[in-house]
Every structure is written in C-alpha cells, then in structure tokens.
Amino acid sequence: MFPYIGGKSHHVGWMNPLFPNKFKTFVEVFGGAGWVSVKSEKVGNATTRVYNDFNPLLANVYECFRTQPEAVLTLMNQTPKSDLTLYRQYQEELFAKLDWNNVPLGDVSLAVKYLYLQTQVFAGTPLSTTNVPYFTEQKANGKYASKYDTLKKKLSDEKLTKRLKEITHAENMDCIDLIKKYDSEDT
C-alpha cells in the first residue's frame, strides 16, 4: 500500500503458493503496510481476514481503510502533498504529544496525519520526532512521483478499496496474544 520498513510487497508472489487453497481465517500478524492482505489472491478467499500491527497508528490506519476508505481519501485530497510546516505539525502531534497507549482505532484524521508522514520519508524509514521529509528538487520537478499522490491514486481504485473493506478485523495486539485469540484449524 505504501513504503514501510520490512514491507512484504515483493514477497507475496513466493508466499502465495505456501498458503492452503482453502482456509476460513487469515491473520496478518505483522501487518505493516498490509501488502499480503491486499495482494494475495488466496487471502482474498478467506471469510475472516485480520490485520494486526503492534504500532497503534498502523492499526488505526487499517481500521480506517477497512471501515471508511472514502473518508480517508477525501481528507487526503484536502491535504497538500508537500508542506514542511504541516509535516512538522503532524510530527509533533504524533510523536511528541500523542499517548501511544490510547490511540483510538477508527480516527480518520489521525490516520491521514500518519500516512502523510509515512509517505514523506525515504523508503519507509521508521518515523520519530527527528525525521526529515523527503522533499527534493528531483521529486518537485516530477522525476519521482509523490508517494502521497501514489497512495491517493490507490485509494481511488474500487478494486483495492473493496479488498480493504473485506478485512474483518483490525487489531493492535502483541503477536502472541493475537495468535492465541485467532488460532484454529481453519486459520
């Protein structure tokens, strides 16, 4: 979906044959940018699809993608793609002021702020209060597409938003607790 450290977008091709042909529940234990949930044909056949990430801001993004992708896109379209003042404001709000133990799932404004920051750094670099945005002359002159604009284009694709809406649960759990909650013969 978007650059994120440890992303699995290039791994789905070799992972897909390892999945059984039929299973009821798919759990993306370390969801990250959600590439497996979005790109795997076999995962699309599961009746229960769980996205999880220990990062509460990512879990919130996927709860918003799952329940209100149109609202995410609308707010993204109202946000400029390259604004250093806005970048610094969101960086302060999310990494200096936000209580990460109480991130509400389903907060569209928070999701868009996080996506804004995540798409402005080089190659999915982990975010913090010290990141520097990747606004370069080459990017500004059109040599490289804006990752923010690329994500907006993806969220405009009905096929993709249908896939996102098929995620049945977005979780923000420790992997061991998540496995205990969802493990079964059909998972």
message = Let me check something: do Y182 and V36 share a hydrophobic cluster, defined by ILVMFWY side-chain heavy atoms less than 4.5 Å apart, either directly or through other members?
response = no
The reported gap from OG1 in T161 to CD in Q68 (rounded to nearest 0.5 angstrom) is 13.5 Å
Minimal heavy-atom distance between V29 and C175, with the atoms involved, is CG1-CB, 3.5 Å
query: For F30 and L178, what are the C-alpha separation, side-chain angles and deciding distance, and is it a side chain to side chain contact (heavy atoms under 4.5 Å, CB included)?
result: CA-CA 10 Å; F30 305 100; L178 180 83; over 6 Å; no
Nearest heavy-atom contact between L94 and K113 is CD1-CB, 4.0 Å
Q | Short side-chain donor-acceptor distance under 3.5 Å, N16 and E41 | A | yes
Y51 and G32 have their tightest heavy-atom pair at OH-O, 2.6 Å
> Is it the case that one hydrophobic cluster holds both I179 and V50, taking links as side-chain heavy atoms less than 4.5 Å apart, direct or via other members?
Replying inline: yes
Rounded to the nearest 0.5 Å, the OG atom of S40 sits from the CG atom of N45 at a distance of 8.5 Å
d(L110 CG, L105 CG) to nearest 0.5 Å is 9.5 Å
Output for pair (E166 CD, R66 CZ), nearest 0.5 Å, gives 12.0 Å
Ring-ring centroid check F19 F26, cutoff 6.0 Å:
yes
Is L115 linked to W100 within one hydrophobic cluster, defined over Ile, Leu, Val, Met, Phe, Trp and Tyr using a side-chain heavy-atom separation of less than 4.5 Å? yes
Open item on the list: Quick one, M15 and K39 - any side-chain contact, counting heavy atoms below 4.5 Å?
Closed with: no
Can you tell if the side chain of L98 reaches within under 4.5 Å of the side chain of L57, non-hydrogen atoms only? yes
When rounded to the nearest 0.5 Å, the distance separating CG of N52 from CD1 of I167 is 11.5 Å
For the residue pair L164 and Y62, establish whether any side-chain heavy-atom pair is separated by less than 4.5 Å.
yes
State yes or no: do L58 and M173 share one hydrophobic cluster built from I, L, V, M, F, W and Y residues joined by side-chain heavy-atom distances below 4.5 Å, directly or via other members? no
Within-4.5 Å side-chain heavy-atom neighbours: Y90 and L127: no
Of all heavy-atom pairs linking N102 and D99, the shortest is ND2-OD2, 2.5 Å
To the nearest 0.5 Å, atom NE2 of H169 lies from atom OG1 of T48 at 6.5 Å
What one should report as the nearest heavy-atom pair of F95 and L117 is CE1-CD1, 3.7 Å
Apply side chain to side chain contact (heavy atoms under 4.5 Å, CB included) to N172 and V103, showing your working. CA-CA 10 Å; N172 171 224; V103 172; over 6 Å; no
Item to check | Pair K154 + D157: basic N to acidic O under 4.0 Å | outcome: no
side-chain contact (heavy atoms from CB on, under 4.5 Å) test vs M76 passes for just one of D149, T119, V112, namely V112
Q) Are any of the side-chain heavy atoms of F65 and V38 separated by less than 4.5 Å? A) no
Non-hydrogen side-chain atoms of F54 and D174 separated by less than 4.5 Å
yes
The residue among Q91, E93, E92 that forms side-chain contact (heavy atoms from CB on, under 4.5 Å) with Q89 is E93
Expected output: side-chain T129 to main-chain A96 donor-acceptor under 3.5 Å: no
Closest non-hydrogen atoms of D53 and G31, given as atom of the first, atom of the second and distance, are OD2-N, 3.6 Å
The complete set of side-chain hydrogen bond (donor to acceptor under 3.5 Å, both in side chains) pairs with one or both residues in residues 18-32, sequence neighbours excluded, reads N21-K42, E28-S37
Look at the aromatic rings of Y116 and Y148 and report parallel, tilted or perpendicular, splitting at 30° and 60°.
-> perpendicular
Any Lys/Arg nitrogen of E158 or K162 sitting under 4.0 Å from an Asp/Glu carboxylate oxygen of the other? no
Checklist entry - Any chain of hydrophobic side-chain contacts (each under 4.5 Å) joining L18 to V27? => result no
